[in-house]
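We count ligands from 1, going down the list as the structure has it; atoms in each ligand are counted the same way.
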Amino acid sequence: MNIFKLCQTCSGTVLRRCIQTSSTRHVELTSVRYPDVKRGNYGSVRDSDLATFERLLPGRVLTDSLDGYNTDWLKTCRGASQVVLRPKSTEEVSAILKYCNEKKLAVVPQGGNTGLVGGSVSVFDEIVISTQLMNNIISLDEISGTLVCQAGCVLASLEDYLSNHKLTIPVDLGAKGSCHIGGNVATNAGGVRLLRYGSLHGNVLGLEAVLANGEVVDCLSTLRKDNTGYDLKQLFIGSEGTLGIITAVSLNCPQKPEAVSVAFLGCESFQSVLDIFKESRQKLGEVLSAFEFMDSQTMTVAKENLKLRSPIEDYPFYVLIETSGSNGSHDEEKLSQFLEHVMGTGIVQDGTVATEPTKIQNIWSMRERIAEGLMHDGYCYKYDVSLPLQSFYGLVEAMRERMGTMVTRVIGYGHVGDGNLHLNLTSPEYSTEVMDKIEPFLYDWVANHKGSISAEHGLGFKKKNFIYHSKSKSAVRLMKDIKHTFDPNMILNPYKVLPDF
Ligand code: FAD
Ligand code: MLT
Ligand code: ZN
């Protein structure tokens with residue numbers, strides 16, 4: 001059954017607010033901005049190739065108005081693809097890849113194009129294979145809560161569909177109105193529910209993927225337990241389109257919580273944020289479903305760039321706590337006892353609680369729309385790191401001191417409950433001077449503090465050469481061996497994830 005419609009802004013499939021920014025700002029070609037990256041020895045698309053594609057996908061081969069497919073969401077990378085293919089089925093993906101592999105034509109898989117590391121657009125002229133039209137629900141087992149669907153289903157659409165069956169999707173993020181479930185799995189997206197439901201490595205029960213040579217790998221199990229041999233699906237989760245094109249997924253979907261409450265709190269220091277986290281784990285226990293933080297500079301983005309109104313006075317730090325459970329009065333009682341405690345001990349200065357859906361949504365918007373708000377400044381240098389909590393905010397302070405007035409702002413927010421900091425810097429336009437001041441300093445800092453240079457966005461094009469900051473030589477060598485086995489001609493998403501050297 002197909003429950004989706006096309007978005008008028010990005011021509012993607014969407015049900016809720018589309019999050020694609022409609023900036024007309026000129027985006028430099030990636031091949032110009034990064035002149036050291038050389039085009040691989042791939043074929044170029046000829047008229048005869050276009051004729052074959054048209055035969056395989058009648059009316060679904062695009063060659064005009066490709067800007068939206070060539071430019072990433074952040075407006076920081078621009079490829080020069082001349083053709084976009086829009087298959088509807090696994091068989092069509094298989095036929096396209098088999099042909100591209102024989103002709104040595106490089107491809108880039110694309111879902112909702114909301115990725116933040118330049119992985120979803122071409123670097124040169126790779127063919128875009130879009131999952132926009134692969135948006136069918138295949139089955140739902142309401143007893144076990146198992147959903148099987150095609151990879152191009154928009155996340156918010158799945159949430160809406162499941163909600164009608166009293167179920168929910170175990171991953172939620174600000175890009176839900178545009179990102180595809182296949183893209184979520186391909187990036188191993190984290191988001192705001194990871195604290196409650198865990199990562200997609202645990203929630204994906206099975207998947208189907210097409211290898212570079214067109215072979216379909218059927219691991220679309222719906223079983224919770226299956227210990228027969230290597231768990232191959234895990235290799236595709238987080239592979240960012242370099243090992244195969246995910247065409248369908250099977251997901252474990254929890255019961256939709258009956259009651260949700262959100263508290264938005266203000267406090268004086270980052271130490272207080274950590275103290276509140278500790279207290280919330282102890283006092284809210286099983287009903288705690290999200291724990292996010294923002295600093296005051298992040299709040300300035302919400303207020304000035306997005307024209308949002310904070311529900312509380314100004315503080316150096318803010319915490320968003322969500323509880324979800326099956327008994328509203330029980331959860332609310334727990335939350336109010338917790339709030340009484342943290343306000344009584346002075347770790348929280350001020351706060352507001354929402355239980356009504358519109359108010360809850362307004363509070364979540366303050367947090368989820370920050371990425372969009374930053375785009376108003378011009379260019380955004382986006383970092384997404386994991387750090388032990390004791391050194392978590394130190395990175396923001398170190399970068400502020402280092403950058404001084406070279407940048408418009410340095411802000412810190414993120415999924416503190418998962419040890420995941422979003423550090424963002426902005427300037428009116430891209431500057432190599434600013435970039436050279438940030439990198440590799442920032443990655444060295446993260447490695448020295450035993451963190452990871454990517455908590456959830458992945459490596460894509462922009463971060464691949466820093467992989468050694470987080471992975472050993474032997475691990476990267478094994479990754480390269482796996483890549484060669486899955487894609488010997490290296491046609492799948494070249495120039496991404498694995499380092500040049
Ligand atoms: P795309 O951007 O189209 O692609 C991303 C990567 O996956 C590319 O390398 C692409 O080649 C590959 N790919 C896409 N589809 C497939 C497929 N079917 N098979 C194989 N490879 C494929 N990320 C988080 O982790 N947590 C967040 O909280 C979060 N919040 C965000 C908020 C906003 C406002 C935005 C713009 C982005 C956010 N992201 C977040 C990043 C992004 O949304 C996620 O990475 C998302 O999962 C990407 O899905 P997509 O369909 O847009 O994939
Ligand atoms: C978020 O949590 O808001 C996203 O990962 C996007 C971002 O890092 O800005
Ligand atoms: Zn995030």
>> Among Val410, Ile438, Val446, Ile411, exactly one meets side chain to side chain contact (heavy atoms under 4.5 Å, CB included) together with Leu423. Which residue is that?
In response: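 Only match with Leu423 under side chain to side chain contact (heavy atoms under 4.5 Å, CB included): Val410.
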
What atoms of ligand 1 come closer than 4.0 angstrom to any heavy atom of [X]?
| X | value |
| --- | --- |
| Gly115 | 2 (O) |
| Thr131 | 18 (N) |
| Ala175 | 32 (C), 33 (C), 35 (C), 37 (C), 38 (C), 43 (O) |
| Gly111 | 1 (P), 3 (O), 14 (C), 15 (N), 51 (O) |
| Asn493 | 9 (O), 11 (O) |
| Gln110 | 3 (O) |
| His415 | 28 (O) |
| Ala189 | 25 (O), 47 (O) |

>> Taking a cutoff of less than 4.0 Å between a non-hydrogen atom of the residue and any ligand atom, is Gly190 in contact with ligand 1?
In response: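 The answer is yes: ligand 1 sits under 4.0 Å from a heavy atom of Gly190.
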
> Is ligand 1 less than 4.0 angstrom away from at least one heavy atom of Glu372?
Replying inline: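 Glu372 does not count as a contact of ligand 1 under the 4.0 Å cut-off.
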
> Taking 2.8 Å as the cut-off, does an N/O/S atom of His457 lie below it from the Zn ion (ligand 3)?
Replying inline: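 Not a single backbone or side-chain N, O or S atom of His457 is under 2.8 Å from the Zn ion (ligand 3).
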
Can you figure out which of [options] has its heavy atom closest to [atom]?
| atom | options | answer |
| --- | --- | --- |
| atom 9 (O) of ligand 1 | Arg369, Gln150, Glu240, Gln132 | Glu240 |
| atom 30 (N) of ligand 1 | Leu173, Val154, Ile129 | Leu173 |
| atom 42 (C) of ligand 1 | Val93, Asp72, Thr114 | Thr114 |
| atom 13 (N) of ligand 1 | Ser454, Cys153, Gly191, Ala186 | Ala186 |
| atom 20 (C) of ligand 1 | Gly183, Gly182, Gly244 | Gly244 |
| atom 46 (C) of ligand 1 | Val249, Ile181, Asp172, Asn184 | Asn184 |

> Is ligand 2 under 4.0 Å from a heavy atom in the side chain of Leu116, in the backbone, in both, or in neither?
Replying inline: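 It is the side chain that touches ligand 2; the backbone stays farther off.
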
>> Counting only heavy atoms closer than 4.0 Å, does ligand 2 sit against the backbone of Arg367, its side chain, both, or neither?
In response: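 The answer is the side chain.
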
Would you say the ring centers of [X] and [Y] fall short of 6.0 Å from each other?
| X | Y | answer |
| --- | --- | --- |
| Phe264 | Tyr318 | yes |
| Tyr468 | Tyr443 | no |
| Phe317 | Tyr393 | yes |

What atom name does the N, O or S atom of [X] nearest to the Zn ion (ligand 3) carry?
| X | value |
| --- | --- |
| His415 | NE2 |
| Glu456 | OE2 |
| His422 | NE2 |

> For Tyr413, is the NZ or CZ atom of Arg367 found under 6.0 angstrom from the centre of its six-membered ring and inside 45 degrees of the ring axis?
Replying inline: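 The answer is no, since Arg367 fails at least one limit relative to Tyr413.
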
> For ligand 2, which atoms have a heavy atom of His415 less than 4.0 angstrom away?
Replying inline: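 Under 4.0 Å from His415, ligand 2 has these atoms: 2 (O).
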
>> Please report whether ligand 2 has a polar contact with Glu368, defined as an N or O pair separated by less than 3.5 Å (distance criterion only).
In response: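 There is no such contact.
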
> If you measure every N/O of Asn424 against every N/O of ligand 2, is any gap under 3.5 Å?
Replying inline: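 The answer is no, given that Asn424 and ligand 2 share no N or O pair closer than 3.5 Å.
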
> For Asn493 and Lys496, what are the C-alpha separation, side-chain angles and deciding distance, and is it a side-chain hydrogen bond (donor to acceptor under 3.5 Å, both in side chains)?
Replying inline: CA-CA 6 Å; Asn493 222 1; Lys496 317 282 173 63; 2.7 Å; yes

>> Would the distance check show the side chain of Thr187 and the main-chain N or O of Asn184 forming a donor-acceptor pair, the cut-off being under 3.5 Å?
In response: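 A pair under 3.5 Å: yes.
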
>> Let's go through Glu322 and Arg196 carefully: what are the C-alpha distance in whole Å and the side-chain angles of both, what is the deciding distance for salt bridge (Lys or Arg N to Asp or Glu O under 4.0 Å) to 0.1 Å, and is it a yes or a no?
In response: CA-CA 10 Å; Glu322 185 192 76; Arg196 162 61 67 88; over 6 Å; no

> Can Thr247 and Glu208 be counted as having a side-chain donor-acceptor contact under 3.5 angstrom?
Replying inline: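 Glu208 and Thr247 do have a side-chain donor-acceptor pair below 3.5 Å.
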
